[in-house]
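These notes concern the structure reproduced below.
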Amino acid sequence: MSKIRYLVNSTWKNHRTTVFNMYSLIGVIITLIFSFLFLCFPKVISVDYKVSSLLSVSVTGLSFTFALFVAVRNVFDIPELGHIYLVSRTHENLKNTFKEIFVPYVWTSFLWLVLVAISISSMIFRFNVFINKASIQYFKGLTLILVLVAALNIFGLVSDTIHDTQKKAKRASEDEADRICKESNNNQ
């Protein structure tokens, strides 16, 4: 019963959904601001770096995302994940709970993977032959925004991992308190 109570009463779903939406919104707002400034005031923004230099940052971000996934895997053991899966299939209001545990990791990994692909592509192809300098600068700016959004998503994953660990500790302490109360009632 305490596991179902945990799922129903937790801020888990709201926390993850809010964080994910917030970082996506921040990315869209920054992209719109950057696009506006770039198009209206092209001399104000100058983006000068080699896109290929983002390769090590992207691989590190991808690795860190996997490390955070392993940390969450340590927070939720297999029986708990199985229970969450079962509850998500049998309770209509919790049907996406199981997926929501993993979606932020897949999304963040995807962002870093896109950055790896962009970095490797920039090492192989000479885009300045086909595309004008302004478009390349705009693309570089969008790539930096993508790095920022991916980094914010990693911060969100760290926050989620801490949140999940705190919820698990709270649940364990409540279960222990329930056990102590039952023992004291049985002893009387």
Side-chain angles (χ1 to χ4, degrees), residues 6-7 9-42 44-76 81 84 88 94-123 127 134-170:
Y6 167 70
L7 288 171
N9 294 332
S10 73
T11 57
W12 200 145
K13 190 173 182 177
N14 297 335
H15 176 73
R16 277 212 187 345
T17 304
T18 302
V19 167
F20 179 74
N21 290 339
M22 180 180 63
Y23 293 145
S24 298
L25 181 64
I26 288 171
V28 168
I29 290 171
I30 291 173
T31 301
L32 291 174
I33 291 170
F34 173 77
S35 298
F36 173 77
L37 291 174
F38 190 83
L39 294 173
C40 294
F41 307 102
V44 173
I45 294 182
S46 175
V47 184
D48 189 28
Y49 71 96
K50 288 188 176 213
V51 176
S52 61
S53 66
L54 297 176
L55 181 62
S56 63
V57 171
S58 303
V59 170
T60 303
L62 197 56
S63 301
F64 192 62
T65 303
F66 180 70
L68 286 170
F69 174 76
V70 170
V72 160
R73 171 53 193 87
N74 290 331
V75 170
F76 295 108
L81 286 174
I84 292 169
S88 70
L94 300 171
K95 68 180 180 179
N96 293 325
T97 304
F98 184 75
K99 292 177 187 173
E100 288 177 0
I101 293 172
F102 301 107
V103 167
Y105 297 93
V106 173
W107 173 246
T108 303
S109 297
F110 175 74
L111 292 176
W112 289 114
L113 186 63
V114 167
L115 285 165
V116 167
I118 289 170
S119 299
I120 290 174
S121 296
S122 73
M123 289 178 186
F127 293 106
S135 296
I136 290 174
Q137 287 235 330
Y138 184 71
F139 175 75
K140 286 181 176 181
L142 291 179
T143 305
L144 284 178
I145 292 169
L146 188 60
V147 170
L148 176 66
V149 170
L152 286 172
N153 274 282
I154 281 194
F155 177 76
L157 292 177
V158 169
S159 172
D160 286 346
T161 303
I162 291 168
H163 185 258
D164 292 340
T165 304
Q166 289 173 338
K167 293 297 271 184
K168 185 167 184 173
K170 182 179 178 186

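Each residue takes its place number in the sequence, starting with 1.
Identified under the side-chain hydrogen bond (donor to acceptor under 3.5 Å, both in side chains) test for residues 59-68, with sequence neighbours left out: none.
Between atom OG1 of residue T165 and atom NE2 of residue H163 there is a gap of 10.5 Å, rounded to the nearest 0.5 Å. Between I30 atom CD1 and I145 atom CD1 the span is 6.5 Å, to the nearest 0.5 Å. Atoms CG and CG, on L62 and L111 in that order, are 10.5 Å from each other to the nearest 0.5 Å. Separating the CG atom in L157 from the CD1 atom in I162 is a distance of 11.0 Å, to the nearest 0.5 Å. Here the CD1-CG distance, from I26 to N153, works out to 9.5 Å after rounding to the nearest 0.5 Å. With values rounded to the nearest 0.5 angstrom, S159 atom OG is found 12.0 Å from L152 atom CG.
Closest non-hydrogen pair, S58 versus L115, comes out as OG-CB, 3.1 Å. Between G61 and I154, the closest heavy-atom pair is O-CD1, 3.5 Å. Taking each heavy atom of A150 and T108 in turn, the nearest pair found is O-CG2, 4.1 Å.
I29 pairs by the side-chain contact (heavy atoms from CB on, under 4.5 Å) definition with L25, I33, not counting sequence neighbours.
The aromatic rings of Y105 and F69 sit perpendicular to each other, their planes meeting at more than 60°, with 30° as the lower class boundary.
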**OP:** Might you work through the side chain to side chain contact (heavy atoms under 4.5 Å, CB included) test for I118 and L146, ending with a clear yes or no?
**Re:** CA-CA 11 Å; I118 289 170; L146 188 60; 4.3 Å; yes
Original post:
Between V158 and L68, does a side chain to side chain contact (heavy atoms under 4.5 Å, CB included) hold up when you go through it step by step?
Top reply: CA-CA 7 Å; V158 169; L68 286 170; 3.8 Å; yes
**OP:** Tell me, with the steps shown, if V59 and W112 meet side chain to side chain contact (heavy atoms under 4.5 Å, CB included).
**Re:** CA-CA 7 Å; V59 170; W112 289 114; over 6 Å; no
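No more than 12 heavy atoms of other residues, nucleotides or ligands sit less than 6.0 Å from atom CZ of F64.
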Please tabulate, for the side chains in residues 136-143, all donor-acceptor contacts under 3.5 angstrom to protein atoms that are two or more places apart in sequence or on a different chain.
unit_1	atom_1	unit_2	atom_2	d
Q137	OE1	V47	N	3.2
Q137	NE2	V47	O	3.0
Y138	OH	S35	OG	2.6
K140	NZ	Y49	O	2.8
T143	OG1	F139	O	2.8

